[in-house]
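Here is the structure we will look at.
Counting convention: from 1, in listed order, for ligands and their atoms alike. Along the sequence shown, the residues carry numbers beginning at 1.
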Amino acid sequence: MHRLEVREYLHIRSRLSDSSSAMARWLLQILVISSLHLISLSSQQESRFVYENFLNQEHLYLDKSAKVLPSGLLQLTKSLEHQIGHAFYKKPIELSASRPLSFSTHFVCALVPKPGVEGGHGIAFVVSPSVDFSHAESTRYLGVFNVSTSESSSFRVLAVELDTIWNPDFKDINNNHVGIDVNSPLSVGIASASYYSDIKGINESISLLSGNPIQVWVDYVGNMLNVSIAPLEVQKPSRPLLSQPINLSENFPNSSRLFVGFSAATGTAISNQYILWWSFSTSRGTLQRLDISKLPEVPHPRAPHKNFSPWIIILVVCLAAVVLAVLAGIYFRRRKKYSEVSETWEKEFDAHRFSYKSLFKATKGFSKDEFLGKGGFGEVYRGNLPQGREIAVKRVSHNGDEGVKQFVAEVVSMRCLKHRNLVPLFGYCRRKRELLLVSEYMPNGSLDEHLFDETKPVLSWPQRLVVVKGIASALWYLHTGADQVVLHRDVKASNIMLDAEFNGRLGDFGMARFHEHGGNAATTAAVGTVGYMAPELITMGASTGTDVYAFGVFMLEVTCGRRPVEPQLQVEKRHMIKWVCECWKKDSLLDATDPRLGNEYLPEEVEMVMKLGLLCSNIVPESRPTMEQVVLYLNKNLPLPDFSPYTLGIGTFAPVLVDAASLVVSSASWSWSAPSMSSSSANHSPYACQSGDQPWGQTLDTKNSLHIVPEPEKPKTLSAGVKTVTLPA
Ligand SMILES: *[C@@H]1O[C@H](CO)[C@@H](O)[C@H](O)[C@H]1NC(C)=O
Ligand SMILES: *[C@@H]1O[C@H](CO)[C@@H](O)[C@H](O)[C@H]1NC(C)=O
Ligand SMILES: *[C@@H]1O[C@H](CO)[C@@H](O)[C@H](O)[C@H]1NC(C)=O
Ligand SMILES: *[C@@H]1O[C@H](CO)[C@@H](O)[C@H](O)[C@H]1NC(C)=O
Ligand SMILES: *[C@@H]1O[C@H](CO)[C@@H](O)[C@H](O)[C@H]1NC(C)=O
C-alpha cells in the first residue's frame, strides 16, 4: 500500500511540475509528504522505516532535550551545558529463536559546536531492551551510561558512539573517534574518525565537529558488527571503519524486544547535535536510499564578529583603500610642499637652517596678507615664529646650485656681523631652485618709502640725521670691524630699513653676487644701482671706495629728498650731484634741501651733510674719505676738509654705462675681500662668530674709540685674494 502511494505521488508530482501549477503542487506536497516521511513496513519478522525528516514524529519517542525543529531536524541536544537527549523508534524489534538478529541502519548526523566553546560530547546509536535512561548521565556517559556502569553489571546496551571528547580512562584514542560500546562506556572497538576512500585507496580522516553532515552506517549480520562513516557526498565505503564480532543474542539474553534510537549529551563542552535523516531495516537489502537534496539545512551559528555580509566587508575594504589613498596623497603632497634640499656640506650650517615647514607656517603659507614687498630678487613676507619672534622671509629663486654653497656659507657668516644698524639675519632654508633668507622683521619698512611716499608723515631732519649716522657707523663696521672686509655694494635708501625707533638698519642684503654666481657673468664686476655706482666700479670692481661713493649719494638723497637721477626734471636738476654742486656754486646750497623739511633744520648740519655727500661722491676714488672719517665728520669730531665746488672731481656726474642685463641685477649686495690671507689661527672656524666684546653694537662717536677693536683674525680657509661673495637679507 505504501509503495503504491509513493509511485502515485511521484507520478502526480512530475505531471504537476510540467503543468507548473505551483499551488496545487504545494498542497499535494503537504498532504503526501506528511504521510510519506514515515514509511513503515513491519511484519512480525521484518522491521523497516525511514525518516526523511522528523516533521512527522509518529513512532518517535523523544525525551529530555530532544526535540524536532520546524525545519525537520531532530535536535538531540541544544547548545547548553549538561544536556541529554534521546530519540527512539517506539516499535521494538522482535527477537525470536528461529531467526537470528540482524539489522542495518544508515543515518545522517551533524555535530555543530557552539562558537568559541569546545564542542562535545557526541552522539551514540543505541540498541537497548528499554527506553528508560533515567539513570544515565551526561558528558562522557553520552546519556547512556553512568558512573557505576561496568561490564559486570546487569545493564545491557549496545552503543555505537561518535565521540568528540578524549577520555583516557575510557581508553579513548583521541577527541575525534568512533567506538563500539557493549554494556559499558569502555569501547570494545575504537577507531579515529575516518573513511576508506575507494577512489583514492587511502583512509581519509573526518572531523566529527566540523558541523557538516556525516553519514553513518551500522550493519550487524552474522554476529559481526560493521561501522562506517563518510561525508555526505561519498558513497558507503567498501571497507568498514570498524568490524567487531559480537553475539548480540548472547548479549541480550532475557530480551525478546530491542529498541533502536539515539542518545546524545553535552557537558561543559557543548554542541548542537542533530539527526537529519535515518533509515533502518532488519533486512539489509531493503534499506531506503539517501537523497541528499531533501536533507534539512543544518543551522550554523556564527561567531558574532564573523557575522558580516560580504558586501559590508567589500565596502569596508574599499573605504579603507580610499582613505589610504587619500592619506598617501596628502602625505606625498605635504612632502612635496615642504620638501627641501639639503646636502652633506650643509651639515655644519644646520644650526642656522630653518625648516621650510616652519617658515611656511610662520608666514601663513606665504599668504598675501603677509606680503611685504618685492625686492630685486624675490618676494618678502612677514612671519611669526612660534616663540613670538617676528621675522621677514625673503624668497629668492635661483636657477642652479652653482654658487649656492658659497652663498650659504656667507649667509651663515653674516650671522656673526652684529651691529645695531644692521638688519639681523637669523638663517636660511634651501629648496629646489629656491633659497629663503630669514631676518628680523623691521616694522617701519624701508627708508625710501618714508622719503618718497607722500602719504607718510615727513621724516624730520633729526630723524634723517640719526639714520645717516647709523648707516655710516654700520658701513664703517663692515669695512673694518668684521673678520673680513665686507662690502655692502648697494647702499641706497630702499635698502635702509627702519626699526621701531626709526633707527636706520642696513639690510635687504640683496643677491647681486649670488645672482652672478647663478650664471649672469656679464655683471661680475658691475653690481649696484645706477646713480649710486662709482665710475671706477666697471673697471676696478667693488671696493670700500665704491661703498663710500654710494653712501655719499645716499646722504644727498636723504637731504634733498630726491632720487639721484630723475629724468623727468629739467636738465640742470636732472642729476642730483651736479645740481647740488651748482647750488653750492651759486652760494645757495640750501636750495637743494628737501622742500618737505621746510625750515625745520639746522642749516649748518644740512650744509655739512650735503658737502660730505659731495666729498664722498667724488669721482676720484683717492679723494673720497674712508667710512671712519665719514663717521668722524658726521659726529663733528673732525671738521670737513677744505674743498670747494670747483675742486677736481666734485659735483661731477659720471654716468656708469651698464647694459640692460645688469640693470636688472640692481639690488643690495654684500661682498667681502680678504685683504691679507697670510694669517694663522688654525682652529678658527670661518663660520664661528668671534667671541669677546664687540663695540659695534653702538654708534661710535668719539675719535678715541676708533681703535679699540682688535684686529680680527683672518680665517684660514678662505682662499687668498679678493673673494667676493653674496649675502642675504
Ligand atoms: C547506573 O545505572 C544503572 C542501570 O540503569 C542503575 O541501576 C544504577 O543505579 C545507576 N547508578 C547511578 C549511580 O546512578
Ligand atoms: C584504514 O583504517 C582501517 C581501520 O582503522 C585500518 O584497518 C586500515 O589499515 C587503514 N588503511 C589504510 C590504507 O590506512
Ligand atoms: C563487515 O566487514 C567485513 C570486512 O571487514 C565484511 O567481510 C563483512 O561482509 C561485513 N559485514 C557486513 C554485514 O557488512
Ligand atoms: C550466540 O549466542 C547464542 C546464545 O548464547 C548461541 O546460541 C549462539 O550459538 C551464539 N552464536 C555464535 C556464532 O557464537
Ligand atoms: C613704526 O613702528 C612702530 C612699532 O611697530 C609703530 O608703533 C609706529 O607707528 C611706526 N611708525 C610708522 C610711521 O609707521
Original post:
Less than 3.5 Å between some nitrogen or oxygen of S249 and one of ligand 4, yes or no?
Top reply: no
Original post:
Any chance the side chains of H106 and S279 put a donor and an acceptor closer than 3.5 Å?
Top reply: no
**OP:** Under 4.0 Å from a heavy atom of S243: give me the atoms of ligand 3 that qualify, with their elements.
**Re:** 1 (C), 2 (O), 3 (C), 5 (O)
Original post:
For atom 9 (O) of ligand 4, what's the nearest protein heavy atom and its distance?
Top reply: N247 ND2, 4.6 Å
**OP:** Answer yes or no: are there more than 12 heavy-atom neighbours, outside K456 itself, under 6.0 Å from its atom NZ?
**Re:** yes
**OP:** Show which atoms of ligand 5 fall inside a sub-4.0 Å distance from at least one heavy-atom site of N444.
**Re:** 1 (C), 2 (O), 3 (C), 8 (C), 10 (C), 11 (N), 12 (C), 14 (O)
Original post:
Do the ring centers of F88 and F259 come within less than 6.0 Å of each other?
Top reply: no
Original post:
So, N203 and S194: side-chain donor and acceptor under 3.5 Å apart, yes or no?
Top reply: no
Original post:
Any idea which protein heavy atom is nearest atom 12 (C) of ligand 4, and the distance to it?
Top reply: N223 ND2, 3.1 Å
Subject >> Sub-3.5 Å N/O-N/O distance, N226 and ligand 3 >> reply: yes
Original post:
Is the shortest N/O to N/O distance between H450 and ligand 5 below 3.5 Å?
Top reply: no
Subject >> Identity and separation of the nearest protein heavy atom to atom 13 (C) of ligand 5 >> reply: F502 CZ, 3.5 Å
Subject >> Electrostatic pair D594:R464 at N-O distance under 4.0 angstrom >> reply: yes
**OP:** Assess the side chains of N175 and T164: does a donor N or O sit below 3.5 Å from an acceptor N or O?
**Re:** no
Subject >> Numbering as shown, the atoms of ligand 3 that approach V221 to under 4.0 Å (heavy-atom distance) >> reply: 13 (C)
Subject >> Protein contact for atom 5 (O) of ligand 4 (heavy atom, distance under 4.0 Å) >> reply: yes
Subject >> Partner of F107 by ring pair (Phe, Tyr, Trp, His ring centres under 6.0 Å), out of W277, Y89, F54, F262 >> reply: F262
